[in-house]
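We name chains A, B, ... by the order of the sequence lines, and we start the count at 1 in each one.
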Amino acid sequence: MTRGKADAPSAARAADLRARIDDANHRYHVLDEPEIPDIEYDKLMRELSELEATHPELVTADSPTARVGAAPSGAFAPVPHEIRMLSLANAFTPDEVEDFVRRVEQRIEKTDPVFSVEPKFDGLAISLRYEDGVFVRGATRGDGETGEDVSANLRTIRSIPLRLRGTDVPTVLEVRGEVYMPRDGFEKYNERMRANGGKVLVNPRNGAAGSLRHLDPRLTAQRPLAFYAYAVGVVEGGALPTTHSATLAKFREWGVPVSALVDTAHGVAGCLAYYARIGAERDTLPFDIDGVVYKVDDYADQRELGFVGRTPRWAIAHKFPAQEQQTLIEAIEVNIGRTGAATPTARLVPVHVGGVTVTNATLHNADQVARLDVRIGDTVIVRRAGDVIPEVVRVVMELRPANAKPWTMPATCPICGSDIVREEGESVARCTGELTCAAQRVQAIFHFASRRTMDIDGLGERYIEDLSDLGYVVSVADLYKLTVDDLIAMKQRADERDGTIPETTKAGKVATKWAENLVEAIDKSRRTTLDRFLYALGIQHVGESTSKSLATWFGDLALIRHLPWPILKLVPDIGNEVAHAIDAFFQQSGNQTVIDDLFARGVVVTDTHPPSPKLRAELTVANVLAQFGIAKVTTKRAEQLGIAFESLAAVAGANADALLEAGLPTETAESLLTYVAMDEGRALLARCIDGMTRLAEATSAQATVETGVLDGKTVVLTGTLSALTRDDAKVRLEALGAKVAGSVSKKTSFVVAGEAAGSKLDKAQELGVEIWDEAALLAFLAKHSA
DNA sequence: ATGCCTCGAGTTCA
DNA sequence: CTCGAGGCAT
């Protein structure tokens with residue numbers, strides 16, 4: 001093979017070939033008007049790859065030959081989305097669409113607003129990043145915040161341009177859209193697979209999702225995938241039009257494929273007409289769709305509408321009715337969850353619904369079973385609700401066997417035999433076995449180890465079951481004393497128990513590696529944050545959000561684990577139920593022991609900090625007293641007491657005279673005295689007094705301890721940081737006392753400018769504000785972070 | 001008391 | 001994703 005310098009004619013020929021191939025792709029995928037036949041196209045491609053093979057120095061990153069697929073590259077790196085990838089609210093009926101449009105109209109004070117209307121493709125959402133017009137990276141949606149880098153696979157998709165056309169392309173442009181598998185491509189692929197005995201794809205949607213997750217892009221290249229854009233992410237160094245529809249039109253100019261079915265519509269009537277039109281075309285379309293999407297067209301209006309949680313208020317997905325199928329109920333089983341919730345689950349004769357095989361369907365609770373009157377042996381209609389989760393819609397009564405008996409919730413837990421109890425007014429029945437119940441224990445450990453809590457990679461439900469069954473792990477703290485030997489021994493015993501063939505020497509090596517990895521993952525999980533740790537504990541009613549609140553308000557588990565419920569209630573969104581649940585959890589000595597054990601075995605909460613100033617503001621005698629719910633002691637009375645007495649202890653110790661002197665009516669004073677006289681009342685007051693003291697100490701310690709290097713400094717972040725996300729940087733700067741602001745002013749202490757920083761950098765220079773590059777920030781953080 | 005909204009918990013399949 | 005229920009405003 002000639003490896004010398006490329007001669008000029010070869011270089012020119014390569015450039016020419018690339019231009020012609022790009023052009024053919026553009027015409028085919030974007031303009032939808034193929035010009036040259038496939039054979040011709042293949043010939044051009046072959047010539048180019050041969051040319052590149054003999055002259056490797058001619059290969060460019062955006063060469064169409066990259067589409068054949070590079071060699072496997074290992075795992076997918078996580079990619080943080082600077083601008084979150086959205087999920088949409090759903091509407092199923094015209095009424096819901098009307099409600100949506102009405103809400104929009106009210107908020108933006110316009111009637112019959114213009115919507116960009118689009119088909120909702122049934123594929124996989126991805127984000128493509130172009131820098132200077134060249135495709136540099138593509139990522140899956142992931143959880144919306146962080147996706148996976150699937151660039152190598154995306155490069156193989158011919159409708160994704162590797163280079164944008166036109167002169168007005170922004171320096172950085174993130175194009176968002178859907179990777180899907182066209183129906184004919186899906187059929188042909190499966191035909192081919194059936195012919196040579198390969199594995200067929202279940203449906204186009206899974207085909208698309210699965211294809212992008214191939215570690216070997218050469219496999220992805222074989223799959224018939226395509227792409228349509230429908231949204232925009234980060235834009236830097238350039239401007240987009242002021243409406244969504246104009247942006248999509250611009251995309252087309254730049255060579256990004258946008259479905260020809262996108263349109264604009266006015267008001268409810270326009271949207272519903274579009275829904276009807278697309279619905280009628282649905283079956284003849286070359287790709288699968290599961291509904292249509294309405295987006296408020298004007299970006300200014302979108303901004304005004306904003307978000308509720310993770311979903312925008314300016315868009316909604318109007319779904320087509322879910323597909324339904326008929327099948328048979330073989331059994332109704334009871335599942336025990338982390339909190340002991342006993343959930344009836346229908347075991348079904350497998351049936352294809354909406355493209356997947358369904359074998360289980362949750363029946364939620366006994367009420368639901370009764371409402372549907374589902375019995376074992378019944379024929380039922382199953383639907384894939386929303387998108388994924390199968391649901392039993394109704395029983396086909398005509399087909400009910402004569403001997404079918406109504407189902408009832410068992411009285412005892414199928415796992416541990418404890419009573420199953422349903423509280424008054426609750427819809428769920430619970431196993432009362434708590435942690436004596438193996439199922440609850442396994443679920444609790446599984447929750448503890450899961451991604452959003454301690455994040456122990458590789459510790460799945462199956463291993464937890466084995467560890468628990470074989471007695472290696474009883475409480476979550478036991479995870480942290482597991483050794484490699486323990487794990488290997490455990491696996492051996494599990495294999496023997498299951499009758500799995502004893503491991504050969506080669507497989508023995510694998511088991512060792514597995515155990516080593518798991519021990520390492522467990523070790524890695526030892527360092528965690530307070531919010532994750534709290535969430536991991538699995539306290540009833542304390543999920544991700546409440547854990548975050550608790551962490552920011554109190555800052556230290558040493559405090560939280562001793563606080564009585566009246567103090568916990570001071571936190572917004574924590575009411576009676578939640579506060580009592582937290583209190584009750586920590587009152588259980590067993591739970592305290594587990595926490596001590598965790599710390600003793602090396603678990604470290606890294607972000608402990610003093611209680612928040614907000615808490616200090618709320619933590620008054622009056623506020624705490626008002627939480628108790630003592631008869632007659634209203635908020636107003638509590639305030640009087642707060643003014644009259646310095647401390648909770650003083651209130652608790654006050655006699656009748658002192659209370660009357662504070663201006664309390666006789667009845668109120670009596671009620672309070674009665675409360676204090678009760679053992680329970682006195683005990684709770686004592687705990688509150690103790691809690692307030694602890695908090696006061698922790699807070700006063702703050703004055704001396706808090707010497708953040710960046711106290712009083714205001715920092716602005718701009719541009720793209722590469723080593724850490726903007727959020728990350730923000731958190732870490734704030735941890736050092738800085739305030740991270742959104743815009744530059746003369747009060748700004750310094751600006752951190754990443755790649756492709758824009759107007760904020762200009763402004764900083766103009767105002768003479770200190771400017772740091774990313775390296776300076778990293779160095780600073782490294783030096784000053786604990 | 002009543003209604004809205006957000007959060008928690010449980011769940012399916014590949 | 002969906003349902004139920006807790007928190008809070010009215």
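Of the side-chain N and O atoms in A:T339, one or more sit less than 4.0 angstrom from OP1 or OP2 of B:dG10. At least one side-chain nitrogen or oxygen of A:T546 sits closer than 4.0 Å to the OP1 or OP2 atom of B:dG8. Checking the phosphate oxygens (OP1, OP2) of C:dA5, a side-chain nitrogen or oxygen of A:S427 falls inside 4.0 Å.
Residue pairs meeting the salt bridge (Lys or Arg N to Asp or Glu O under 4.0 Å) criterion with at least one member in residues 444-461 of chain A, sequence neighbours excluded: A:R452-A:E544.
Across the protein-nucleic acid pair, A:E423 atom CD and C:dA5 atom C1' stand 14 Å apart, rounded to whole Å. As a whole-Å value, the separation of A:Q540 CD from B:dA9 P is 8 Å. When rounded to the nearest whole Å, the span between NE2 of A:H447 and P of B:dG8 equals 10 Å. A:D122 places its CG atom 12 Å from the P atom of C:dC1, with the value rounded to the nearest Å. The distance from atom CD of A:E333 to atom C1' of B:dG10 is 16 Å, rounded to the nearest whole Å. In this structure, the CG atom of A:L363 is 13 Å from the P atom of C:dG4, given to the nearest Å. Atom C1' of nucleotide B:dG8 and atom CG of A:D531 are separated by 16 Å, given to the nearest angstrom. Distance CG (A:D367) to C1' (C:dC3): 12 Å, rounded to an integer number of Å.
Using a 30° and 60° split on the angle between ring planes, A:F121 and A:Y180 fall in the parallel class, below 30°.
At distances below 3.5 Å, at least one donor-acceptor pair connects side-chain atoms of A:S151 with backbone N or O atoms of A:G138.
Among the heavy atoms of the strands, none lies under 4.0 Å from A:Q368.
Counting non-hydrogen atoms of neighbouring residues, nucleotides and ligands closer than 6.0 angstrom, the CD atom of A:E96 exceeds 12 such neighbours. In the displayed structure, A:Q540 atom CD is contacted under 6.0 Å by at most 12 heavy atoms of other residues, nucleotides or ligands. Under a cut-off of 6.0 angstrom, the local environment of CZ in A:R176 is crowded, with over 12 non-hydrogen atoms contributed by other residues, nucleotides or ligands.
Nearer to the 5' terminus of DNA chain B, by closest-nucleotide assignment, is the contact made by A:R313 (compared with the other of A:R313 and A:A346). Residue order along DNA chain B, read from the 5' end via each residue's closest nucleotide, puts A:V542 first among A:V542 and A:A361.
Checking B:dA14, B:dT11, C:dA5 against the side-chain heavy atoms of A:T357 singles out B:dA14 as nearest. Checked against B:dC7, B:dC13, B:dT12, the side chain of A:T359 finds its nearest nucleotide in B:dC13. Side-chain proximity of A:S545 to B:dG8, B:dC13, C:dA5: nearest is B:dG8. Of the candidate nucleotides C:dA5, C:dC3, B:dG10, C:dC3 has the atom lying nearest to any side-chain atom of A:E391.
Contacts between residues 573-583 of chain A and DNA chain C, defined by a heavy-atom separation below 4.0 Å, involve A:D573, A:I574, A:G575, A:N576, A:E577, A:V578, listed by number.
Closest approach of A:P350 to A:T357, counting heavy atoms only: CB-CG2, 3.8 Å.
In this structure A:D583 satisfies the salt bridge (charged side-chain N to carboxylate O under 4.0 Å, His left out) test together with A:R687, sequence neighbours excluded.
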